[in-house]
Amino acid sequence: MPDYVIRLATVADAEPIRAIYNYYVAHSTCTYQIEPETAEERVAWLRDRAPRHPVTVAVEGSTILAWASLSPWKSRCGYAEAAEASVYVHHEHQRRGLGRALLLDLIERGRAAGLHTIIGGASSDQTASLALQLALGFRVCGEMKEVGMKFGRRLDVTYTQFMLRE
Ligand SMILES: CC(C)(COP(=O)(O)OP(=O)(O)OC[C@H]1O[C@@H](n2cnc3c(N)ncnc32)[C@H](O)[C@@H]1OP(=O)(O)O)[C@@H](O)C(=O)NCCC(=O)NCCS
């Protein structure tokens, strides 16, 4: 049995969510953000969620180990039934099954909320992220060459997709 629970995040979770994310801003191409996110930005992001776009956290005791979210894919109304998934596991807690559990939970939340499809993807050098998505049934739908730049390198992005309904 896992020793953590997955629950919806609240604004009170903003700091641990931000800390997990900012580690990857500084050290990884899994986000193309360059400057650390501020506390105000993360609080505003948490306050701005709609029912179809949850943020979840995996919590052990009172410690947040990982978080995940569904966000609008694009702002035009016609895209309302598509959402983009994000999962960030604290760098000291990888390979405990947290990423898998959070992404599976997001899929079920998205289905229950009436979404039609979830879009994934990652910088093409992010093998862990892409392996997780493919292991859960996401399919690669394309790769865009050199659309990103971080740490002095141009980066390709691979997009994936999971259909919630046929
Ligand atoms: C990608 C990430 C979310 C994976 O989370 P995790 O909790 O470490 O992964 P899990 O233990 O749940 O692994 C689930 C599956 O993902 C794949 N996987 C995870 N990490 C991997 C790695 N380093 N290399 C290859 N495959 C990996 C495997 O298929 C794994 O199944 P297995 O353990 O049976 O082999 C985590 O590494 C992370 O937060 N990375 C930085 C942020 C990021 O890239 N987020 C985007 C994800 S959508």
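One-based numbering, in listed order, for ligands and for the atoms of each. Note that the numbering runs from 1 along the sequence shown for the chain.
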**OP:** Apply side-chain contact (heavy atoms from CB on, under 4.5 Å) to R153 and T29, showing your working.
**Re:** CA-CA 10 Å; R153 285 192 293 140; T29 58; 3.7 Å; yes

What's the shortest distance from [atom] to any protein heavy atom, and which residue and atom give it?
atom: atom 39 (O) of ligand 1; value: V89 N, 2.8 Å
atom: atom 26 (N) of ligand 1; value: A131 CB, 3.4 Å
atom: atom 8 (O) of ligand 1; value: R95 N, 2.8 Å
atom: atom 31 (O) of ligand 1; value: R100 NH2, 3.1 Å
atom: atom 40 (N) of ligand 1; value: Q94 NE2, 3.9 Å
atom: atom 43 (C) of ligand 1; value: V87 O, 3.6 Å
atom: atom 47 (C) of ligand 1; value: S129 OG, 3.2 Å
atom: atom 14 (C) of ligand 1; value: L132 CD1, 3.7 Å

Original post:
Is atom OH of Y79 surrounded by more than 12 heavy atoms (other residues, nucleotides or ligands) closer than 6.0 Å?
Top reply: no

Under 4.0 Å from any heavy atom of [X], which atoms of ligand 1 are there?
X: Q133; answer: 48 (S)
X: Y88; answer: 39 (O), 42 (C)
X: L98; answer: 7 (O), 12 (O)

Charged N-O contact under 4.0 Å between [X] and [Y]:
X: E84; Y: K74; value: no
X: D13; Y: R42; value: no
X: D3; Y: R96; value: yes

Does any N or O of ligand 1 fall below 3.5 Å from an N or O anywhere on [X], backbone included?
X: S86; answer: no
X: A135; answer: no
X: G99; answer: yes
X: C30; answer: no

**OP:** Would you mind finding which of A128, A101, G120 brings a heavy atom closest to atom 18 (N) of ligand 1?
**Re:**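 That would be A128.
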
Subject >> Proximity of H91 to ligand 1 by residue part, where a heavy atom lies under 4.0 Å >> reply: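 Within the 4.0 Å criterion, H91 makes no contact with ligand 1.
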
Subject >> Flag side-chain contact, heavy atom, 4.5 Å: I20 against W67 >> reply: yes

**OP:** Look at the aromatic rings of Y88 and Y24 and report parallel, tilted or perpendicular, splitting at 30° and 60°.
**Re:** tilted

Original post:
If only atom types and distance count, is the side chain of N22 paired as donor or acceptor with the main-chain N or O of E37 below 3.5 Å?
Top reply: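 Judged by distance alone, yes, a pair lies under 3.5 Å.
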
Subject >> Check: R139 side chain, Q161 main-chain N or O, donor-acceptor pair, under 3.5 Å >> reply: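 No; zero donor-acceptor contacts below 3.5 Å.
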
**OP:** Go through T117 and R165 one step at a time and tell me if the side chain to side chain donor-acceptor pair (under 3.5 Å) criterion holds.
**Re:** CA-CA 7 Å; T117 185; R165 298 161 210 284; over 6 Å; no

Original post:
Can a non-hydrogen atom of G97 be found less than 4.0 Å from any atom of ligand 1?
Top reply: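 Contact present.
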
Original post:
Closest heavy-atom contact between A58 and Y4?
Top reply: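 Minimum heavy-atom separation between A58 and Y4: CB-CD1, 4.1 Å.
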
